[in-house]
Amino acid sequence: MVAWLSAPETVTAMTAGLYARIYRLVCTVPRGQVATYGQLGAVVGCSARQVGYAMAAVTDVRVPWHRVINSRGAISTRSDGKPDTRQRELLEGEAVVFGPAGCVDLATFGWNGPDWDWLVANGLEPPQILDSD
DNA sequence: CTGATGACGAGCG
DNA sequence: CCGCTCGCCATCA
């Protein structure tokens, strides 16, 4: 499952750490659902910016990057200042509905987060487990 | 090491 | 709801 690091020699060491976790997490987002940058960042322990930065660096086609949108439920613009139309097409192909404002209803299509088993399997402590006493 | 850069997010008017 | 500012922090020159 590390095929996206097919050329580690041409990639800086960082991609093997944070980016790999982000990509692996994105791969767990089921079809027909969407996750936000901040949500993913909260799981892997980084800011939403880093998640967006990681998505920009995705090259592996197996990573469902199109299921990652911003907190408003809209598709973030690329460096061009325009949203990637391909992303919307892919999501609509998974029965994800866009509202009149070009936004997805996160209450309906929002991802609930990774399973506990996934977190443990990836060596991540479940977030927000504040058992007082 | 220093400074600039972003597929972001929360606030504010 | 819309546009703008500021904080965020890994990455890059």
Side-chain angles (χ1 to χ4, degrees):
Chain A
M1 279 298 284
V2 289
W4 52 72
L5 297 177
S6 56
E9 297 175 351
T10 63
V11 175
T12 50
M14 61 82 190
T15 47
L18 179 61
Y19 280 30
R21 273 194 295 270
I22 294 174
Y23 296 154
R24 209 171 294 182
L25 178 60
V26 173
C27 286
T28 66
V29 179
R31 235 179 107 89
Q33 292 185 24
V34 293
T36 66
Y37 297 94
Q39 180 183 13
L40 299 176
V43 175
V44 300
C46 71
S47 67
R49 263 210 192 279
Q50 272 50 254
V51 178
Y53 204 73
M55 290 300 98
V58 165
T59 54
D60 195 294
V61 294
R62 295 175 306 165
V63 180
W65 55 272
H66 57 277
R67 294 178 192 149
V68 185
I69 60 181
N70 59 34
S71 63
R72 299 174 310 187
I75 297 174
S76 294
T77 59
R78 213 189 156 199
S79 52
D80 295 25
K82 302 182 305 179
D84 191 333
T85 56
R86 179 61 181 161
Q87 183 167 5
R88 175 164 178 165
E89 292 176 12
L90 288 170
L91 288 176
E92 289 179 330
E94 298 182 356
V96 175
V97 179
F98 284 77
C103 295
V104 175
D105 184 0
L106 295 177
T108 302
F109 300 99
W111 183 41
N112 295 320
D115 292 335
W116 189 285
D117 293 337
W118 186 93
L119 291 171
V120 175
N122 285 266
L124 295 175
E125 296 183 10
Q128 299 178 353
I129 302 298
L130 305 177
D131 57 325
S132 54
D133 268 281

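Below, read A as the first sequence line, B as the second, and so on, with proteins coming before strands; counting in each chain starts at 1. What you see is a predicted model; the values in this text were computed from it and never measured.
When distances are taken from the side chain of Tyr19(A) to each of dA10(C), dA7(B), dG9(B), the shortest belongs to dA10(C). The side chain of Ala56(A) lies closest to dA7(B), out of dG9(B), dA7(B), dA10(C).
Asn70(A) contributes a side-chain N or O that, together with a main-chain N or O of Arg72(A), makes up a donor-acceptor pair within less than 3.5 Å. Between the side chain of Glu94(A) and the backbone N or O of Arg67(A) there is no donor-acceptor pair closer than 3.5 Å. Although no hydrogens or angles enter the test, the distance criterion places no donor-acceptor pair under 3.5 Å between the side chain of Tyr19(A) and the main chain of Val58(A).
The nearest whole Å value for the distance from the CE atom in Met55(A) to the P atom in dG9(B) is 13 Å. Computed from coordinates, the Tyr37(A) OH to dC8(C) C1' distance equals 16 Å when rounded to whole Å. Remark: C1' of dA7(B) and CG of Asp60(A) are 17 Å apart, rounded to the nearest angstrom. Between Asn70(A) atom CG and dC2(C) atom P the separation is 13 Å, expressed in whole Å. When rounded to the nearest whole Å, the span between CG of Leu18(A) and P of dC8(C) equals 18 Å. Separating the CZ atom of Arg72(A) from the P atom of dC2(C) is a distance of 9 Å, rounded to the nearest angstrom. We find that CG of Leu40(A) is positioned 16 Å from P of dA7(B), with the value rounded to whole Å.
Look at Ser79(A) and you won't find any side-chain N or O under 4.0 angstrom from OP1 or OP2 of dA7(B). OP1 or OP2 of dA7(B) has not a single side-chain nitrogen or oxygen of Thr77(A) nearer than 4.0 Å.
Within the nucleic acid shown, Tyr53(A) comes within 4.0 Å of sugar-phosphate atoms alone, with no base atom in reach, counting heavy atoms only.
Partners of Asp115(A) under the side-chain contact (heavy atoms from CB on, under 4.5 Å) rule, at least two apart in sequence or in another chain, do not exist in this structure.
For Gln50(A) and dG6(B), a side-chain-to-base donor-acceptor distance below 3.5 Å is present, hydrogens and geometry of angles not being considered.
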